[in-house]
Number of protein chains: 2
Amino acid sequence: MKQVDVKAKFGQRLRDIRNQMGWSQEHLAAVVGLDRSYVGGVERGERNISIENICKLAEALEINPAVLFEQWGT
Amino acid sequence: MKQVDVKAKFGQRLRDIRNQMGWSQEHLAAVVGLDRSYVGGVERGERNISIENICKLAEALEINPAVLFEQWGT
DNA sequence: TTGTGACTCCTAGTCCGTT
DNA sequence: AAACGGACTAGGAGTCACA
């Protein structure tokens, strides 16, 4: 059985955390220094984001990158 | 001040875990389905690996992807 | 405020090899 | 066993206009 799309899982987690902080995609994108539509694409699981941008996002959200990989249900 | 290279940190972590399992780069690459020279480059911090391959590696090593981002010194 | 398609540029990732 | 290189193709990074 094919495992769930990791990009979608990551995107959902990112979105949850962003919403918890009450940030818009636009605001997050501005802080990270990425394009708003790019961040949106990541949240929707359409982008196969690389480690450097993962860490940039984590830094902007003031969390450890590992947090973005938690609660994936193994 | 520029932060430490996340690719290098990730690569070192990957290498440590791989060594703990007594696996060669070649073996890991074969299990994951990636090229051996590519895995070597990742461990050396030369490659900006994407999330799908990060998760493939974690799966091959039978660990949660978050483990690869631990002990980064916050 | 976010989704989406389309686009260019550059690199992620492959495959061959030598050291 | 691992580092490193060249040449290549697939696909990620980054941007925009418009819905």
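Throughout, protein chains are lettered first and strands after them, A, B, ... in sequence-line order, and every chain is numbered starting at 1. Model, not experiment: these values are computed from the prediction.
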Working to the nearest 0.5 angstrom, can you tell me the gap between A/I54 CD1 and A/L68 CG? 7.5 Å
If I take atom CD1 from residue A/I51 and atom NZ from residue B/K9, how far apart are they, to the nearest 0.5 angstrom? 10.0 Å
Just the endpoints, please: which first and last nucleotides of DNA chain C, 5' to 3', lie under 4.0 Å from a heavy atom of chain B? C/dA12 to C/dG17
For B/D16, which residues count as a side-chain hydrogen bond (donor to acceptor under 3.5 Å, both in side chains) partner, sequence neighbours excluded? B/Q12
Heavy-atom protein contacts under 4.0 Å, nucleotides 5-14 of chain D, coded B base, S sugar-phosphate only, - none: -------SBB
Ring pair (Phe, Tyr, Trp, His ring centres under 6.0 Å) filter on A/F10, not counting sequence neighbours, yields A/F69
Name all pairs fulfilling the side chain to side chain donor-acceptor pair (under 3.5 Å) condition that reach into residues 20-33 of chain A, sequence neighbours left out, sorted by first residue then second. A/Q25-A/E43
Looking at CG of A/N48 and CG of A/D5, how far apart are the two atoms once the value is rounded to the nearest 0.5 Å? 9.0 Å
Any Lys/Arg nitrogen of B/K7 or A/E52 sitting under 4.0 Å from an Asp/Glu carboxylate oxygen of the other? yes
Angle between the two end axes of the helix from C/dT2-D/dA19 to C/dT19-D/dA2, five base pairs per end, rounded to 10 degrees? 50°
Can you give each donor-acceptor pair under 3.5 Å made by side-chain atoms of residues 30-41 of chain A, sequence neighbours left out, with the distance rounded to 0.1 Å?
from  : atom 1 : to    : atom 2 : distance (Å)
A/D35 : OD2    : A/S37 : N      : 3.0
A/D35 : OD2    : A/S37 : OG     : 2.7
A/Y38 : OH     : A/N53 : ND2    : 3.4

State the NZ-CG distance between B/K56 and B/L28, to the nearest 0.5 angstrom. 12.5 Å
Any donor and acceptor pair, going by atom type alone, linking the side chain of B/R13 with main-chain N or O of B/E70 inside 3.5 Å? yes
So, taking the atom named CD1 in A/I17 and the one named CE in A/M21, what distance separates them when rounded to the nearest 0.5 Å? 9.0 Å
For A/R47, salt bridge (charged side-chain N to carboxylate O under 4.0 Å, His left out) partners two or more places apart: none
List in numerical order all residues of residues 19-33 of chain B for which some heavy atom is under 4.0 Å away from an atom belonging to DNA chain D. B/S24, B/Q25, B/E26
